[in-house]
Amino acid sequence: MPTILITGTNRGIGLELVRQYAADGWQVIACCRNPDTASELKQVQGIVDIHALDVTSDADITRLAGELAGKPIDVLLNNAGITAKNDSFGSTDTETWLRVFHVNCIAPLHLVEALVDNLAAGTQKKAISISTRMGSMGESPSGSYYAYRSSKAALNMAMVNAAADLRGRLILAMIHPGWVQTDMGGTQAPLRPQESVAGIRRVIAGLKPVDSGQFFNHDGSSIPW
Ligand SMILES: NC(=O)c1ccc[n+]([C@@H]2O[C@H](COP(=O)([O-])OP(=O)(O)OC[C@H]3O[C@@H](n4cnc5c(N)ncnc54)[C@H](OP(=O)(O)O)[C@@H]3O)[C@@H](O)[C@H]2O)c1
C-alpha cells in the first residue's frame, strides 16, 4: 500500500486525514509537534508511524529527513497551518507575520526540499499543500486576516514555482479544504472534517502530471489565484 506523510496530525483536518488514509490501509507517517500529548492520534488504528515535527524547526526537519532516508514516500501532505490574532487592518504586527509565514509558507517548501528524494522514489510522486481560498486574489478578499491570507498566497506561489523546478519529477498541488469544523474553522463551519477530507482524498487520487502547479477546491473544481 502507498505511504503518505502528513504534518499537523494531532487534531483537526490532519487527524482526520490520518484516520481515513489509515482506514484505507495506507502506511501513514503522522507528524505532530508533541506526540506525547497526541492522545487521539495515538488511538488511530492501522499502520501509523508517529514522528515529532515542529515544521518551523530546521533541526526537526533535518532529523526527520534523516530518519526517513531511503524510504519511498508516495504523498507529502503539508497540512499544518495557523491563523493569527491581531491580524486586522490597524493592528498587524511584524512578529505575527513572520510566525504565520514560517508555518504556512516557508515550512511547506522546506519539507518538499527535504523529502524530494523520498517522493521521487515513491510511486505517486505527489507533494500537496493545504491552502485556502482566503489566499485567492481572484476571489476578492473581504478584508482582515492579513498575515494568513498573504502567507497562503505566498505558499501558492512557492509551490507553483517548485512545480516548475520539479516538472517531470513530482506533482505539486494546492487544495482548499472548504470551511471546516475544527479549532481553526470554528463551530459555525458548514463542513465536518470527514466530508472535507473525503474530498481532499478524491482530489489527490485524481491528480495527474498535467495538474501540477494547480489550485483546487476540495470538490475538485479550480480556484483562481
Ligand atoms: N478549518 C478551516 O476551515 C480551514 C479552511 C481553509 C484552510 N484550512 C487549512 O487547513 C489546515 C489545517 O487546518 P485545521 O482547520 O485542521 O486547523 P487546526 O484545527 O487549528 O489544526 C492545526 C494543526 O496544525 C498544527 N501546527 C500548527 N503549527 C505547527 C507547527 N509549527 N509545527 C507543526 N504543526 C503545527 C497544529 O498542531 P498543535 O496542536 O501542536 O498546535 C494542528 O495539528 C491549515 O493549513 C489551514 O490553514 C483550514
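Cluster annotation: I128 is not connected to L64 through the hydrophobic network of ILVMFWY side chains, with a link wherever side-chain heavy atoms come within less than 4.5 Å. Residues M174 and I13 fall into different hydrophobic clusters, defined by Ile, Leu, Val, Met, Phe, Trp and Tyr side chains chained together at heavy-atom separations under 4.5 Å. The cluster map of Ile, Leu, Val, Met, Phe, Trp and Tyr, joined by side-chain heavy atoms under 4.5 Å apart, puts V18 and L53 in different clusters. In the hydrophobic cluster analysis, where Ile, Leu, Val, Met, Phe, Trp and Tyr join through side-chain heavy atoms closer than 4.5 angstrom, V103 is grouped apart from I130. Neither I61 nor I6 shares a network with the other; the hydrophobic side chains, linked directly or stepwise wherever heavy atoms of I, L, V, M, F, W or Y lie under 4.5 Å apart, form separate groups for each.
Proximity of a side-chain donor or acceptor of T37 to a complementary backbone N or O of N34 within less than 3.5 Å is detected. When atom types are taken as modelled, the side chain of T9 and the backbone of G14 share no donor-acceptor pair closer than 3.5 angstrom. With hydrogens and angles disregarded, no donor-acceptor distance shorter than 3.5 Å links the side chain of S88 to the backbone of S91. A donor-acceptor pair under 3.5 Å is absent between the side-chain atoms of N104 and the main chain of K152, judged by distance alone. Side-chain N or O atoms of D87 include one that pairs as donor or acceptor with a backbone N or O of Y146 at under 3.5 Å. Under the 3.5 Å distance criterion, the side-chain polar atoms of D74 are left unmatched by any main-chain donor or acceptor of P2. Judged by distance alone, with hydrogens and angles left aside, the side-chain atoms of D60 form a donor-acceptor pair with the main-chain N or O of D54 at under 3.5 Å. Remark: side-chain polar atoms of R149 are paired, donor with acceptor, to backbone N or O of G143 under 3.5 angstrom. Side-chain N or O atoms of T132 include none that pairs as donor or acceptor with a backbone N or O of G135 at under 3.5 Å.
Applying the salt bridge (Lys or Arg N to Asp or Glu O under 4.0 Å) rule to R167 yields no partners; only residues at least two apart in sequence or on another chain are considered. Partners of F215 according to the ring pair (Phe, Tyr, Trp, His ring centres under 6.0 Å) rule, which considers only residues two or more places apart in sequence or in another chain, are W225.
Below 30°, between 30° and 60°, or above 60°: for F101 and W97 the angle between ring planes is below 30°, a parallel geometry.
A heavy-atom distance below 4.5 Å is not found between the side chains of D49 and V28. Using a 4.5 Å cut-off on side-chain heavy atoms (C-beta onward), M159 and P108 make contact. Two residues are said to be in side-chain contact when any heavy atoms from C-beta on lie closer than 4.5 Å; K208 and I171 fail this criterion. Under the 4.5 Å side-chain criterion, counting only non-hydrogen atoms from C-beta, H51 is in contact with I29. A heavy-atom distance below 4.5 Å is found between the side chains of C32 and I50. In this structure, V116 and L166 have side chains that are in contact, with non-hydrogen atoms separated by less than 4.5 Å. At least one side-chain heavy atom of Q20 sits less than 4.5 Å from a side-chain heavy atom of Q194. Residues Y148 and M184 are in side-chain contact: their nearest non-hydrogen atoms beyond the backbone lie under 4.5 Å apart.
In this structure, the separation between CG on D36 and CG on N10 is 12.0 Å, given to the nearest 0.5 Å. To the nearest 0.5 Å, the span separating CD1 on I204 from CD on Q124 amounts to 9.0 Å. For the atom pair R133 CZ and S131 OG, the distance stands at 11.0 Å (nearest 0.5 Å). Atom CG of L111 and atom OG of S129 lie 9.0 Å apart (nearest 0.5 Å). The NZ atom of K71 sits 10.0 Å away from atom CG of L5, with the distance rounded to the nearest 0.5 Å. Interatomic distance, OG of S212 versus NZ of K126, reported as 11.0 Å (0.5 Å rounding).
Under the 4.0 Å criterion applied to side-chain N and carboxylate O atoms, D24 and R201 are assigned as salt-bridge partners. A salt bridge links D183 with R11: the closest approach of a Lys/Arg side-chain nitrogen to an acidic carboxylate oxygen falls below 4.0 angstrom. Electrostatic pairing of E40 and R19 counts as a salt bridge here, judged by a charged N lying under 4.0 Å from a carboxylate O. Between R63 and E67, at least one side-chain N (NZ, or NE/NH1/NH2) sits under 4.0 Å from a carboxylate O, which counts as a salt bridge.
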How far apart are the C-alpha atoms of H102 and R99, what are their side-chain angles, what is the distance that settles it, and do they pass the side chain to side chain contact (heavy atoms under 4.5 Å, CB included) test?
CA-CA 5 Å; H102 200 168; R99 188 162 38 84; 5.8 Å; no
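Counting all heavy atoms, side chain and backbone alike, V44 lies closest to A22 at CG1-CB, 4.0 Å. Considering every non-hydrogen atom in both L119 and V75, the closest pair reads CD2-C, 4.0 Å. Residues A120 and R169 come closest through the heavy atom pair CB-NH2, 3.9 Å. Across every non-hydrogen atom of Q181 and R192, the tightest pair is OE1-CG, 3.6 Å. H176 approaches N217 most closely through the heavy-atom pair CD2-OD1, 3.2 Å. Scanning both residues, L155 and C105, for their nearest heavy atoms gives N-SG, 3.7 Å.
No side-chain donor from either of T7 and N78 sits under 3.5 Å from a side-chain acceptor of the other.
The number of heavy-atom neighbours closer than 6.0 Å to CZ of F216, taken from other residues, nucleotides and ligands shown, is above 12. With a 6.0 Å radius and a threshold of 12 heavy atoms from other residues, nucleotides or ligands, M137 has its CE atom at or below the threshold.
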